[in-house]
Amino acid sequence: MPTYLETVIAKVNTYGDSLWENLDRVPTLPVDAGRSLLAYFVELACQCQNETNINLGRDGIFAMPHEWVRRNIQSVAEDQLTLSDEWEYRRLLEVYERLDNELWIAHIAFGLSSIDPEIVAAAVDSRDHRNAK
């Protein structure tokens with residue numbers, strides 16, 4: 001049985017030969033393929049419950065060119081995730097916190113304006129955690 005890592009590498013490499021080792025090439029893929037791969041990493045990072053899968057998703061996101069990810073992740077996340085789900089909302093906050101301050105701030109504002117008390121609490125937790133640093 002393949003490990004989580006082997007499964008992820010095999011999936012990523014279906015988008016291009018040795019792509020796992022060269023995620024900097026993602027912007028050269030056809031637009032739909034690049035966004036599909038980003039969606040796969042977002043799924044791992046934000047929807048999975050297993051810590052290894054979450055970290056593999058995050059590693060994939062952070063290994064791609066930063067500016068390309070910044071331009072694409074918000075729309076991919078909106079299509080891929082259920083942002084009214086507290087688990088997925090929190091995991092995306094964690095990604096945004098490391099990726100880009102503006103995205104993180106916007107996602108905090110989104111959470112604070114939610115009618116769902118769990119989403120509001122997640123936004124407050126993330127904001128307070130950063131302020132405590």
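This one's a predicted model, so the numbers in the text were calculated from it and none came from an experiment.
Shown here are the side-chain contact (heavy atoms from CB on, under 4.5 Å) partners of Arg90, two or more places apart in sequence or in another chain: Glu86, Ala122, Asp125.
Side-chain contact check for Leu99 versus His66: some heavy-atom pair is nearer than 4.5 Å. Using a 4.5 Å heavy-atom cutoff, the side chains of His107 and Ser126 are not in contact. Between Leu56 and Phe41 there is no side-chain heavy-atom pair separated by less than 4.5 Å. Side-chain contact between Ile54 and Gln49: absent, with no pair of heavy atoms (C-beta onward) separated by less than 4.5 Å. For the pair Trp87 and Gln47, the minimum side-chain heavy-atom distance is 4.5 Å or more. Residues Leu38 and Trp68 meet the side-chain proximity criterion, which asks for heavy atoms closer than 4.5 Å. In this structure, Phe110 and Leu93 have side chains that are not in contact, with every pair of non-hydrogen atoms separated by 4.5 Å or more. The side-chain heavy atoms of Tyr89 and Thr82, taken from C-beta on, include no pair separated by under 4.5 Å.
Between Ser36 and Tyr15, the side chains place a donor N or O and an acceptor N or O closer than 3.5 Å (distance only, hydrogens not considered).
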Glu88 and Gln80: CA distance, side-chain angles, deciding distance, side chain to side chain contact (heavy atoms under 4.5 Å, CB included) verdict: CA-CA 10 Å; Glu88 294 181 21; Gln80 181 72 30; over 6 Å; no
Val69 and Val26: side chain to side chain contact (heavy atoms under 4.5 Å, CB included), yes or no, with the steps? CA-CA 10 Å; Val69 172; Val26 169; over 6 Å; no
Stepwise, does the side chain to side chain contact (heavy atoms under 4.5 Å, CB included) test hold for Arg35 with Leu29? CA-CA 9 Å; Arg35 289 175 57 83; Leu29 297 173; over 6 Å; no
Show, in sequence, the C-alpha distance, side-chain angles and deciding distance for Ile105 and Ile108, and conclude whether the side chain to side chain contact (heavy atoms under 4.5 Å, CB included) test is met. CA-CA 5 Å; Ile105 289 169; Ile108 291 286; 5.6 Å; no
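What you find for Asp116 and Ser84 is that their closest heavy atoms are OD2-O, 3.7 Å. When all heavy atoms of Ala45 and Val95 are compared, the pair lying nearest together is CB-CG2, 4.1 Å. Nearest heavy-atom pair, Glu102 versus Asp100, reported as atom, atom and distance to 0.1 Å: N-OD2, 3.1 Å. Residues Val42 and Ala77 approach most closely at CG1-CA, 4.4 Å, considering heavy atoms.
Note that the OG1 atom of Thr14 and the OH atom of Tyr40 stand 9.0 Å from one another [nearest 0.5 Å]. Here CG of Leu5 is found 9.5 Å from OG1 of Thr52. Values are rounded to the nearest 0.5 Å. Of the inter-residue distances, the one linking Leu44 atom CG with Asn55 atom CG reads 10.5 Å to the nearest 0.5 angstrom. Here the straight-line distance linking atom CG of Leu37 with atom CZ of Arg25 works out to 11.0 Å at 0.5 Å rounding. Of the inter-residue distances, the one linking Cys46 atom SG with Ile61 atom CD1 reads 6.0 Å to the nearest 0.5 angstrom. In this structure, CH2 in Trp20 is found 9.0 Å from CG in Asn13, a value given to the nearest 0.5 Å.
Taking the charged nitrogens against the carboxylate oxygens, Glu67 and Arg70 do have a contact shorter than 4.0 Å, which makes a salt bridge.
For Phe62, the CZ atom counts as densely surrounded, since its 6.0 Å shell holds more than 12 non-hydrogen atoms of other residues, nucleotides or ligands. Within 6.0 Å of CG in Asp17 there are 12 or fewer heavy atoms belonging to other residues, nucleotides or ligands. Around CD of Glu51, the count of heavy atoms belonging to other residues, nucleotides or ligands within 6.0 Å does not exceed 12. In Asp79, the CG atom is crowded: over 12 heavy atoms of neighbouring residues, nucleotides or ligands sit closer than 6.0 Å.
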